[in-house]
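The structure appears below as structure tokens.
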Amino acid sequence: IKTLAVLTSGGDAPGMNAAIRAVVRTAVFYEKRIFGIKRGYDGLIEGDFEELNSKSVKNILNLGGTILKSARSEEFKTEAGQMKAYEQLQKHGVDGLIVIGGNGTFTGAHRFFEAHGVPVIGIPGTIDNDLFGTDYTIGYDTATNTVVDCIDKIRDTASSHNRLFFVEVMGRDSGFIAMNTAVAIGALDVILPEQNKSYEDLFVEIEKGASNKKTSNIVVVAEGNKLGDSFSIANKVREHFPQLDTKVTILGHLQRGGAPSCFDRVTASKLGVAAVEGLLNGRFDVMAGMVDEELTYTFLQQAVMNKAQLDPEMLRISKILAI
Ligand code: F6P
């Protein structure tokens, strides 16, 4: 392998820039050429390449977002799109591709490897933490710290007014952000995609909170839960407990922004180095990840299909502490 290219795809995540920096500097260290591809797979298809060097990535370690920009490409899902992408790599002499992203990014990368044999390696970059084969995805730590900071602020006003708040957090169909932040902010309850929770279950917890005369109650709602969106959940709760002053806050995309935490910067730096070294050592169609502090390579398909599992112990802890 002589020439590498790196792209970011899917939802951006804090720490992606730290990963780009690590990839570029490792490539330079091993005396390889390295291109940055703009706007994910869309830019790959359209030939939006820029050659990078170690100076191109100075002062980006601390920045949120991604300097390469990102996209969710529909065209890359088609054979024609993948063919165009392959031709662009050939044109630029790229013989190794590093993709930073989550589920969709890795699904596309795996198909690309199968169809065209392009040496490809993934770096887990998503706030959702939903990939198998790594304990932490880049961006998750920053996003959860942001959520905790926001809910602490909500707690101030909630307790001043004796209110019940439903706070909706991201995570798509995974409850990692919700579960961990629920413990971190001392939530009354948490509603997760992984649970089959009923309204009766929720009413029991709210009843407990009310009878314990708590001055503020916060329920963390994961966006992909099976009960519904946080406004409809709050409406049902209002019907059942008309005496409670119930509010909803959806944290939304602010969870994806901001400077990456120290942990995310370090993880991104480790995995950036590991991805380039993996490619140079013939590890293709895999994701570089950290499991129990050890560097691991997991097949892209497995990383996506096996899905990271929530620790049931967290739910138990959260219930004990919500008394
Ligand atoms: O995968 C990251 C994520 O932020 C999810 O938590 C969320 O469901 C989704 O992306 C939102 O996507 P978009 O920014 O395209 O609306």
Side-chain angles (χ1 to χ4, degrees), residues 7-19 38-43 64-66 68-77 99-110 122-134 136-151 166-182 184 190-195 220-233 248-261 264 267-268 271 287 289 300 303-310:
L7 60 80
T8 48
S9 154
D12 62 332
M16 278 185 162
N17 282 325
K38 300 276 177 67
R39 296 177 293 112
Y41 293 129
D42 281 344
T66 159
L68 292 177
K69 301 194 183 285
S70 193
R72 298 189 196 278
S73 175
E74 285 305 314
E75 199 179 351
F76 194 68
K77 291 181 184 157
V99 297
I100 308 171
N103 279 305
T105 306
F106 291 173
T107 304
H110 170 66
I123 298 178
T126 164
I127 63 165
D128 299 339
N129 205 39
D130 56 349
L131 293 165
F132 174 79
T134 193
Y136 299 102
T137 57
I138 297 162
Y140 171 69
D141 183 65
T142 308
T144 48
N145 279 307
T146 301
V147 169
V148 166
D149 184 43
C150 291
I151 303 185
F166 289 89
V167 183
E168 185 178 306
V169 300
M170 278 187 167
R172 202 180 288 277
D173 52 2
S174 167
F176 274 95
I177 297 177
M179 183 71 261
N180 281 276
T181 57
V190 56
I191 307 177
L192 302 167
E194 290 83 354
Q195 290 171 309
V220 177
V221 181
E223 62 172 346
N225 82 84
K226 298 185 186 107
L227 271 188
D229 67 85
S230 41
F231 282 105
S232 53
I233 294 174
V248 173
T249 301
I250 298 178
L251 295 182
H253 286 82
L254 66 80
Q255 294 163 92
R256 291 230 299 257
S261 65
D264 275 330
T267 307
L271 295 182
M287 174 193 84
L300 291 175
V304 172
M305 284 171 57
N306 291 354
K307 216 169 171 266
Q309 298 297 318
L310 279 187

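For ligands, and for the atoms within them, numbers begin at 1 and follow the listed sequence.
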Checklist outcome for this item: Residues at least two apart in sequence or cross-chain that pass ring pair (Phe, Tyr, Trp, His ring centres under 6.0 Å) with Y136, listed by chain then number, are F263
Checklist entry - Can you list the residues that meet the ring pair (Phe, Tyr, Trp, His ring centres under 6.0 Å) rule with Y41, with sequence neighbours excluded? => result F76
Checklist outcome for this item: Applying side-chain contact (heavy atoms from CB on, under 4.5 Å) to N180 and not counting sequence neighbours gives Y140, F176, M314
Checklist entry - Is there side-chain contact between M170 and L251, with heavy atoms separated by less than 4.5 Å? => result no
Next on the checklist: Quick one, R172 and E223 - any side-chain contact, counting heavy atoms below 4.5 Å?
Outcome noted: yes
Identify all pairs of nitrogen or oxygen atoms, one from ligand 1 and one from the protein, separated by less than 3.5 Å, and list them with distances.
{"unit_1": "ligand 1", "atom_1": "1 (O)", "unit_2": "D128", "atom_2": "OD2", "d": "2.7"}
{"unit_1": "ligand 1", "atom_1": "4 (O)", "unit_2": "R256", "atom_2": "NH1", "d": "2.8"}
{"unit_1": "ligand 1", "atom_1": "6 (O)", "unit_2": "D128", "atom_2": "OD1", "d": "2.7"}
{"unit_1": "ligand 1", "atom_1": "6 (O)", "unit_2": "G171", "atom_2": "N", "d": "3.0"}
{"unit_1": "ligand 1", "atom_1": "6 (O)", "unit_2": "E223", "atom_2": "OE2", "d": "3.4"}
{"unit_1": "ligand 1", "atom_1": "8 (O)", "unit_2": "E223", "atom_2": "OE2", "d": "2.5"}
{"unit_1": "ligand 1", "atom_1": "10 (O)", "unit_2": "R72", "atom_2": "NH2", "d": "3.1"}
{"unit_1": "ligand 1", "atom_1": "10 (O)", "unit_2": "R256", "atom_2": "NH1", "d": "3.1"}
{"unit_1": "ligand 1", "atom_1": "12 (O)", "unit_2": "R72", "atom_2": "NH2", "d": "2.9"}
{"unit_1": "ligand 1", "atom_1": "14 (O)", "unit_2": "H253", "atom_2": "NE2", "d": "2.8"}
{"unit_1": "ligand 1", "atom_1": "14 (O)", "unit_2": "R256", "atom_2": "NH1", "d": "2.9"}
{"unit_1": "ligand 1", "atom_1": "14 (O)", "unit_2": "R256", "atom_2": "NH2", "d": "3.0"}
{"unit_1": "ligand 1", "atom_1": "15 (O)", "unit_2": "R72", "atom_2": "NE", "d": "3.1"}
{"unit_1": "ligand 1", "atom_1": "15 (O)", "unit_2": "R72", "atom_2": "NH2", "d": "3.3"}
{"unit_1": "ligand 1", "atom_1": "16 (O)", "unit_2": "H253", "atom_2": "NE2", "d": "3.4"}

Item to check | Identified side-chain hydrogen bond (donor to acceptor under 3.5 Å, both in side chains) counterpart of D12 within the set R256, H253, K69 | outcome: R256
